[in-house]
Amino acid sequence: MQKHDGMRSLAKRSTCASALGALVLSAALVGAQTPITPPENSYTPSQDVELGLKAAAEARRQLPVMRDDEVTSYVQDVGQRLVAAIPPELRHSEFRYTFEVVNVREINAFALPGGPMFVNRGMIEAAHTEGEVAGVMAHELSHVVLRHGTAQASKATKYEIGQVAGAVLGAIIGGGWGRVISEGTQFGLGAAFLRFSREYEKQADLEGSHIMARAGYDPRDMANMFKTIEKQSGSGGPQWLSDHPNPGNRYDYILQEARALRVENPIRDTRTFDQVQAHLRSLPRAPSTEEATRNARNGRTTGTAGRDARPPTGRVDPPSSSFRTYTEGNVFRVSVPDNWREIQDNSAVTFAPSGAYGTWNGSSVFTHGVEIGLSRNESHDLREATDELIDSLARGNPSLGRPNGYDRVRIDGRTALRTVLSNVSDATRQEETIEIFTAQLRNGNLFYAVAVAPRSDFGYYRGLFDRIVSSIQLND
Ligand SMILES: [Zn+2]
């Protein structure tokens, strides 16, 4: 089956911050804490937001953001807990805090002006406790609420916001690829937003301690994480420490601040943290940032899995009987077999086992699996929109049969259509069976799932496809 690409993208990559249940700020005694005053800034808070959104969009294009629900929900929960603990005088109503996990192995994290935060998988893997993860996040969050990125940029020339996104990303990725990405912009400009002075570092350490304490974490875990970063980072020094230099006596003053902040029964180790770490250990090892960004630049990789430039072999392992949940921003959720990887496009994501996915004559093809996506539709009529979808599939798949009609089924309680078509795979020349499900989103656009298996195996896969489709939740 050649993938559908006749219509354009609606799938948004935004993460939706997961709803947090009742949040109880623990009673931190905040008597003797060091007062922190945000530095002078010639940008407005809305400019922080604009700049951060641009740079975050670029980061998502270049870095493999994880779509693994277990990992992302966890980091979002820790993040929201910290956000709820920002002191009132440092809240900016314009800011939107988002938390995403990047599937790379370096111990690093960065937060952009106005709120977007990216935490590397390597950081979560290296932490010993949830408190340590929260420590780095609280430090990053403090740079955001104190508006250090734009304050630092205010010291230099006032930059045009449009100039900034690529440069910020260059500074994030660093090394050779960073320079390639920031070509044509000013490398130092990106650094201005992400590499902080020692004075700002101390502010972020102290403010981070306050936020941690208010959220029920022990600020000493921040100091512990900095030690972990120092110990576990390889040669050449960790990126995180070059962006966040030690102002001197870092551990001492954090411990001293922690004494003034006394937190009773701090959250340190949680079961969820242990589960998330165990889950990460079960996944294939994360690539390095350089490998990941090189792949992205070659157009080969997005999401957590590589994209093959070769044709699929069509030889696949049977689907695992355990399932994992995948969340696409605020659009949909679906459960798929554990051993199927996801391959991202602008408008769709394909879940397929290894060997089933590849490239044929310059087009993406798959022999087993399910493509889920959205397509723009003006008619707002499910039947007509489904006909158009099949027309567009037929343009890439000349052997595709035409539907005799549609069955009425349900997807997440909504009226949906289902049809089964025959096709001949371009890549394997074998007959295959295509099962198509469609439903309408509230805005009238079409939601679809296209399931593919060789004709001889369709009987075996059909039950699996039903199970996958019945797990779909639409969140529009
Ligand atoms: Zn810092």
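Just so it is clear, the model here is predicted, and its values are computed rather than measured. First listed ligand is number 1; within each ligand, the first listed atom is number 1. Counting from 1, the numbers follow the sequence of the chain as shown. Computed from heavy atoms alone, side chains included, the values below leave out hydrogens, waters and symmetry copies.
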Under 30°, 30 to 60°, or over 60°: which ring-plane class applies to His139 and His143, parallel, tilted or perpendicular?
perpendicular
To the nearest 0.5 Å, tell me how far Tyr74 OH sits from Leu280 CG.
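If I round to the nearest 0.5 Å, the distance is 10.5 Å.
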Using 2.8 Å as a strict upper limit, say whether an N, O or S atom of Glu201 approaches the Zn ion (ligand 1) that closely.
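Within the cut-off used here (under 2.8 Å), Glu201 does place an N, O or S atom near the Zn ion (ligand 1).
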Is the Zn ion (ligand 1) less than 2.8 Å from at least one N/O/S atom of His143?
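Here the distance criterion (N, O or S atom, under 2.8 Å) is met by His143, so yes.
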Any idea which N/O/S atom from His244 gets closest to the Zn ion (ligand 1)?
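It is ND1 of His244.
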Does the side chain of His244 come within less than 4.5 Å of Phe226's, by heavy atoms?
no
Between Phe118 and Ala59 the two heavy atoms that sit nearest each other are CZ-CB, 4.2 Å
